[in-house]
Amino acid sequence: MTQPETGPVLGRLALIGLGLIGSSVARACNRYGATQEIVGYARSSATRARVTELGIVDRVVETPEAAVADADCVMICTPLSSYAAIAQAIGPHVPADAIVTDVGSVKASAFADLAAGIADPSRIVPGHPIAGTEHSGPDAGFAALFRDRWCVLTPRPEARPEAVTTLTELWRRMGSRVERMSPEHHDRVLAITSHLPHLIAYTIVGTATDLADDIRSEVIKYSAGGFRDFTRIAASDPVMWRDVFLHNKDAVLEVMQRFNEDLTALQRAIRRGEGQTLEDLFTRTRAIRRGVIEAGQHVPPDPARNGTQPVEDTPSPPGDAVA
Ligand code: NAP
């Protein structure tokens, strides 16, 4: 049993959504003694029953309103498209001094949707753990998911400083490195580091799916040539990723424009036989890989560190299928 570094960071944490991320937060808080009590809400009775069985929260309740009663912190861990309705539902029931946060993969829209339903937006401090896998649901979570991963907090200038400090401490306790930035900056950075790569993976796997039958079977047979890694990323949750693209539309369209231009330049270089152009680019990209390794971001989160999942479930490089 891992010993807590000091006493709990929070009294009662209300988790709205108990899938991969929500259940990992519950497990990490328990493991590192970050909270005194966790109350969890999930939409379906199947998830509520499973979480009760897993015993990873103190109480499972049937409505988001019941979850937030007397909470010190409310953390929303559901798809982005559900935020507005959840904020409207919990708004009148969140205690006046409670912190409201989330884990969503897009940050400007998250604040707007939450602030529309929750009085006093100074208590809203959106967050995004840059950690994940392509799996979903409460069984997919594990306590070590956030270890040595970044968690980005995107407080508005008017956010309560003590709320930002508490959340920083909470994520650190769960093993994350914490950084603050504006929501708009976050959304531009993630558009290139996460959203575009997922879009490319979805496109490549989609193209392969549409190939003639004889070629398609060969694609699967020889997938270790690079295609395999794209299939893993393209297995990520369809609802979550639909939401990411619709909520980060402008930033994603901007990087897609740049990407299309660069792709066209490569197309031209190949057609004209400009080997030096290709070699120069591939040399520059190698340096980026070295930078990723030096930053310690090349190793996917390891569920085995938690002892709750078999080692073979560990996502393989490249990419953690992180949103
Ligand atoms: P997940 O495993 O699919 O879990 C989603 C949870 O939200 C489930 O408990 C689900 O309830 C609930 N839910 C779904 N739709 C809902 C709705 N309309 N109203 C209320 N509850 C609803 O998803 P996840 O991977 O944990 O993602 C949750 C959030 O984390 C997303 O906003 C995502 O952008 C963000 N995130 C994901 C990753 C990643 O790699 N997966 C990484 C960082 C951040 P039921 O189980 O009852 O259906």
Side-chain angles (χ1 to χ4, degrees), residues 14-28 39-54 56-57 60-68 74-90 101-111 113-114 117 126-142 145-146 149-154 171 174 176 183 186-187 189-191 193-195 197-198 201 232-248 252 300-301 303 315 319-323:
L15 287 176
I16 310 289
L18 298 165
L20 168 70
I21 302 294
S23 76
S24 294
V25 169
R27 288 172 167 103
V39 180
Y41 160 77
R43 177 183 55 166
S44 69
S45 55
T47 299
R48 293 197 294 271
R50 183 61 186 142
V51 170
T52 305
E53 211 168 74
L54 289 168
I56 54 177
V57 305
V60 178
V61 295
E62 294 195 0
T63 63
E65 294 88 325
V68 304
V74 176
M75 187 182 285
I76 294 162
C77 305
T78 58
L80 292 157
S81 56
S82 63
Y83 277 29
I86 289 172
Q88 295 294 336
I90 64 174
T101 187
D102 78 312
V103 296
S105 310
V106 181
K107 299 284 31 119
S109 71
F111 180 84
D113 288 348
L114 295 179
H128 178 204
I130 317 284
T133 74
E134 69 277 26
H135 303 295
S136 306
D139 284 293
F142 53 99
L145 178 64
F146 310 113
R149 300 285 144 192
W150 288 103
C151 178
V152 179
L153 297 180
T154 59
W171 282 106
M174 290 193 274
S176 291
H186 167 280
D187 292 352
V189 171
L190 269 290
T193 57
S194 168
H195 306 170
H198 275 79
R232 190 175 55 72
I233 296 175
S236 300
D237 189 74
V239 171
M240 177 185 139
W241 281 97
R242 175 203 67 192
D243 288 1
V244 166
F245 293 117
L246 296 181
H247 286 76
N248 200 20
V252 169
D320 311 356
V322 170

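Please read all numbers here as calculations on a predicted model, not as lab measurements. Order of listing sets the numbers, starting from 1, for every ligand and every atom in it. Values reported hereafter were calculated over all heavy atoms of this structure, with side chains retained and with hydrogens, waters and symmetry mates removed.
Inter-residue side-chain proximity for Asp102 and Tyr83 is flagged as met; some heavy-atom pair is nearer than 4.5 Å. Side-chain atoms of Val51 and Ile56, non-hydrogen and from C-beta on, do get closer than 4.5 Å to each other. A heavy-atom distance below 4.5 Å is not found between the side chains of Pro79 and Met240. Leu190 places a side-chain heavy atom less than 4.5 Å from the side chain of Ile130. A 4.5 Å side-chain heavy-atom check between His198 and His195 finds every atom pair outside the cut-off. Two residues are said to be in side-chain contact when any heavy atoms from C-beta on lie closer than 4.5 Å; Arg50 and Asp139 meet this criterion. With contacts defined as side-chain heavy-atom distances shorter than 4.5 Å, the pair Pro138/Leu54 qualifies.
For atom 29 (C) of ligand 1, the nearest non-hydrogen atom from the set Thr47, Thr78, Ile76 belongs to Thr78. Closest heavy-atom approach to atom 5 (C) of ligand 1 among the candidates Cys77, Ala85, Gly17: Cys77. Among Ile16, Ile21, Leu15, the residue whose heavy atom lies nearest to atom 38 (C) of ligand 1 is Ile21.
Between Ser81 and ligand 1 there is no heavy-atom distance shorter than 4.0 Å. Heavy atoms of Ile130 come nearer than 4.0 angstrom to ligand 1 in no pair at all.
Close approach of ligand 1 to Val103 is summarised as follows: ligand atoms under 4.0 Å from at least one heavy atom of the residue are 29 (C), 30 (O), 35 (C), 36 (N), 44 (C). With ligand atoms numbered from 1 in the order given, ligand 1 contributes 42 (C), 43 (C) to contacts under 4.0 Å with heavy atoms of Ala131. The ligand atoms of ligand 1 that sit less than 4.0 angstrom from a heavy atom of Gly132 are 40 (O). Taking every heavy atom of Pro129 and a limit of under 4.0 angstrom, the matching atoms of ligand 1 come to 43 (C). Of all atoms in ligand 1, numbered sequentially from 1 with element shown, those under 4.0 Å from a heavy atom of His128 are 43 (C), 44 (C). Using a 4.0 Å cut-off to heavy atoms of Leu20, the atoms of ligand 1 that qualify are 1 (P), 2 (O), 25 (O), 26 (O), 39 (C), 41 (N). Within ligand 1, counting atoms from 1 as listed, the ones closer than 4.0 Å to a heavy atom of Ser82 are 17 (C), 18 (N), 19 (N). For ligand 1, the atoms sitting less than 4.0 Å from at least one non-hydrogen atom of Ser136 are 2 (O), 3 (O), numbered in the order shown with element in parentheses.
By the criterion of a heavy-atom distance under 4.0 Å, the side chain of Met240, and not its backbone, is placed next to ligand 1. With a heavy-atom cut-off of 4.0 Å, Glu134 does not touch ligand 1 at all. Only the backbone of Thr133 comes within contact range of ligand 1, with a heavy atom under 4.0 Å; no side-chain atom does. If you look at Pro138 next to ligand 1, there are no close heavy atoms at all, none under 4.0 Å.
Considering backbone and side-chain atoms together, Ser105 places an N or O closer than 3.5 Å to an N or O of ligand 1. Residue Arg43 has at least one nitrogen or oxygen atom sitting less than 3.5 Å from a nitrogen or oxygen atom of ligand 1, judged on distance alone. Checking only distances, Gly137 does come within under 3.5 Å of ligand 1, N or O to N or O. Considering backbone and side-chain atoms together, Leu18 places an N or O closer than 3.5 Å to an N or O of ligand 1. Distances between N or O atoms of Ser44 and those of ligand 1 include at least one value under 3.5 Å.
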Item checked: Verdict with reasoning, Val25 to Phe146, per side-chain contact (heavy atoms from CB on, under 4.5 Å) -> CA-CA 8 Å; Val25 169; Phe146 310 113; 3.8 Å; yes

Start with the C-alpha gap between Lys107 and Val152, add the side-chain angles, then the distance that decides, and say whether side-chain contact (heavy atoms from CB on, under 4.5 Å) holds.
-> CA-CA 10 Å; Lys107 299 284 31 119; Val152 179; 6.0 Å; no

Problem - Steps toward side-chain contact (heavy atoms from CB on, under 4.5 Å) verdict (Thr78, Arg43) - result: CA-CA 10 Å; Thr78 58; Arg43 177 183 55 166; over 6 Å; no

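Ser23 meets the side-chain hydrogen bond (donor to acceptor under 3.5 Å, both in side chains) test with Arg27; sequence neighbours excluded. Under the side-chain hydrogen bond (donor to acceptor under 3.5 Å, both in side chains) criterion, Ser176 pairs with no residue, sequence neighbours left out.
Here the CG-CG distance, from Asp243 to Leu246, works out to 6.5 Å after rounding to the nearest 0.5 Å.
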